[in-house]
Amino acid sequence: MSVELIDLLKAGVHFGHTKSKRHPSMEPYIFGAKQGIHIIDLEKTQSMLDDAVKFVQEITSKGGVILFVSGKKQAKAIVKEAAEKAGMPYINTRWLGGTLTNFNNIIDLTKKLKQFEEEKVKGAWERYTKKEALEKDREIIRLKEMVEGIKNMTKLPDAVFIVDIKKDKTALAEASKKNIPVIAILDTNCNNKDVKHIIPGNDDAVKSITLLTNVIADACVKPAK
């Protein structure tokens, strides 16, 4: 499962932010700077990614669940594809406040979505007027935008993987409040305080996000159906 340094290099994982944006907590993972841009130490990235992989394998081998999260535009499709490949839930739209801290309300939304989808497939909507059926279709679309990726998640996740903790700071805060371990890609401008498994890396470039997210997804032991 170990990723070669050359793969990290090719994906641009080493490119951090400008020196002026550096967060002190990321200092140990910075190799140096080039033309005012911090360069991440890829040997540390490789080692810490290996640790994150072992952590994910340990959780999922026991039937645990990893929630993949990114509301970041360039990461949405990547996160969805990787999570589905791993058989894990995901959130790739705007984070709903209370997703972890008020999980019972989220469960109600997922139950409603599944109920509506089941009714539609079984032809139960034929008894409705065209206007009523259209309204229900719109409700399905609305619910899918909110909870499609977690509609089969029946309990709180055992860990959360976040692509960009600055973009999804509410997800990080809720996970921390519920004592759910967080695995995250951390660029040089991030505060790593609430992240259990730090993956120092570029959280903006598509190639970097794709590589690191898929390494985590590949580490997941798919749940039995």
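Only this structure's heavy atoms are used, side chains among them; waters, hydrogens and symmetry mates stay out. The structure presented is a predicted model; accordingly, all values stated were derived computationally and were not measured. Numbers here are sequence positions counted from 1.
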In terms of hydrophobic clusters joined by side-chain contacts under 4.5 Å, are Phe15 and Ile6 together?
no

Looking at Gly97, is its backbone amide N or carbonyl O close enough to the side chain of Glu174 to form a donor-acceptor pair, meaning the two atoms are under 3.5 Å apart?
no

Evaluate the side-chain proximity of Val69 to Leu67: yes if any heavy-atom separation is below 4.5 Å, no if none is.
yes

Are side-chain heavy atoms of Glu27 and Arg22 found at a separation under 4.5 Å?
yes

Heavy-atom closest pair, residues Lys166 and Asn189
CD-ND2, 3.4 Å

Looking at side-chain heavy atoms only, is the closest gap between Leu172 and Val160 below 4.5 Å?
no

Please check if Ile30 and Ile39 belong to a single hydrophobic cluster, counting links between Ile, Leu, Val, Met, Phe, Trp and Tyr side chain heavy atoms closer than 4.5 Å.
no

So Asp168 and Lys72, salt bridge (charged side-chain N to carboxylate O under 4.0 Å, His left out) or not? Walk me through it.
CA-CA 8 Å; Asp168 288 297; Lys72 201 166 192 168; over 6 Å; no

Euclidean distance, Asp137 CG relative to Arg142 CZ, rounded to 0.5 Å
14.0 Å

I'd like to know if Met153 and Leu143 are part of one continuous hydrophobic network [Ile/Leu/Val/Met/Phe/Trp/Tyr, side-chain heavy atoms within less than 4.5 Å].
yes

I need the Thr170 OG1 to Arg94 CZ distance, nearest 0.5 Å.
9.5 Å

By salt bridge (Lys or Arg N to Asp or Glu O under 4.0 Å), Lys85 pairs with (sequence neighbours left out) Asp218

Rounded to the nearest 0.5 Å, what's the gap from CG on Leu49 to CG on Leu42? Could you check?
11.0 Å

With a cut-off of 6.0 Å (strictly less than), are more than 12 heavy atoms of other residues, nucleotides or ligands near CD of Glu148?
yes

Report the C-alpha distance between Thr110 and Leu113 in whole Å, list the side-chain angles of each, state the deciding distance to 0.1 Å, and finish with yes or no for side chain to side chain contact (heavy atoms under 4.5 Å, CB included).
CA-CA 5 Å; Thr110 61; Leu113 173 59; 5.6 Å; no

Contacts of type salt bridge (Lys or Arg N to Asp or Glu O under 4.0 Å), residue Lys112, not counting sequence neighbours:
Glu139

So, for Cys220 and Ala86, which heavy atoms are closest and what is the spacing to 0.1 Å?
CB-CB, 3.8 Å

Regarding Lys136 and the six-membered ring of Phe116, is the cationic atom NZ or CZ under 6.0 Å from the ring centre and inside 45° of its axis?
yes

Ignoring hydrogens and geometry, is there a side-chain-to-backbone donor-acceptor pair from Asp41 to Phe31 under 3.5 Å?
no

So Ile40 and Leu8, side chain to side chain contact (heavy atoms under 4.5 Å, CB included) or not? Walk me through it.
CA-CA 11 Å; Ile40 294 165; Leu8 296 171; over 6 Å; no

Pairs flagged by ring pair (Phe, Tyr, Trp, His ring centres under 6.0 Å) wherever residues 42-96 is involved - sequence neighbours left out
Phe55-His197, Phe68-Phe161

Checking the side chain of Asn202 only, and the main-chain atoms of Gly12 only, is there a donor and an acceptor separated by less than 3.5 Å?
yes

Checking Thr99 side chain against Leu96 main chain: does a donor-acceptor pair fall under 3.5 Å?
yes

Could you tell me which non-hydrogen atom of Gly98 sits nearest to which non-hydrogen atom of Ile106, and how far apart they are?
O-CG1, 3.9 Å

Between atom CG of Asp187 and atom NE2 of His23, what is the distance when rounded to the nearest 0.5 Å?
13.0 Å

Within the 4.5 Å heavy-atom criterion, are Val79 and Ser70 side-chain neighbours or not?
yes

Going by the rule salt bridge (Lys or Arg N to Asp or Glu O under 4.0 Å), which residues pair with Lys62 if we only count those two or more places apart in sequence or in a different chain?
Glu58

Below 4.5 Å, heavy atoms only, C-beta onward: do Asn214 and Thr210 meet side chain to side chain?
yes

By side chain to side chain contact (heavy atoms under 4.5 Å, CB included), which residues pair with Ala184, not counting sequence neighbours?
Ile162, Ile165, Val182, Leu186, Val195

Between Val65 and Met88, which heavy-atom pair has the shortest distance, and what is it?
CA-SD, 4.0 Å

Between Ala171 and Leu100, what is the shortest heavy-atom contact and its length?
O-CD1, 4.2 Å

So, Lys114 side chain and Lys151 main chain: donor-acceptor pair closer than 3.5 Å or not?
yes

With sequence neighbours excluded, what pairs up with Ala33 under the side chain to side chain contact (heavy atoms under 4.5 Å, CB included) test?
Lys19, His38

Where the side chain of Ser47 meets the backbone of Glu43, is there a donor-acceptor pair that is under 3.5 Å apart?
no

At their closest point, which heavy atom of Asp158 faces which heavy atom of Gly64, and how far apart are they?
OD2-CA, 3.1 Å

Take atom NZ of Lys44 as the centre, draw a 6.0 Å sphere, and report whether it contains more than 12 heavy atoms from other residues, nucleotides or ligands.
yes

Atom CD1 in Ile198, atom CG in Asp51: separation rounded to 0.5 Å?
10.5 Å

Tell me whether Met146 is reachable from Ile140 by hopping between hydrophobic residues (I, L, V, M, F, W, Y) whose side-chain heavy atoms are closer than 4.5 Å.
yes

Does Val3 offer a backbone N or O that forms a donor-acceptor pair with the side chain of Asp7 under 3.5 Å?
no

Greater than 12 external heavy atoms within 6.0 Å of Lys80's NZ:
no

Can you check whether Cys190's main-chain N or O pairs, donor with acceptor, with Ser25's side chain at less than 3.5 Å?
yes

With a 4.5 Å limit on heavy-atom distance, are the side chains of Asp164 and Ile185 in contact?
no

Test item: Thr188 side-chain N/O and Gly16 main-chain N/O as donor-acceptor pair under 3.5 Å
no

Gap separating the CD1 atom of Ile180 from the NZ atom of Lys177, nearest 0.5 angstrom:
12.0 Å

Between Val56 and Ile183, is any pair of side-chain heavy atoms under 4.5 Å apart?
yes

Backbone N/O of Val221 and side chain of Thr60: donor-acceptor pair under 3.5 Å
yes

Please test Asp203 against Lys167 for side chain to side chain contact (heavy atoms under 4.5 Å, CB included), starting from the C-alpha separation and ending with a verdict.
CA-CA 10 Å; Asp203 64 7; Lys167 173 68 177 178; over 6 Å; no

Side chain to side chain, Thr18 and Ile37, heavy atoms closer than 4.5 Å:
yes

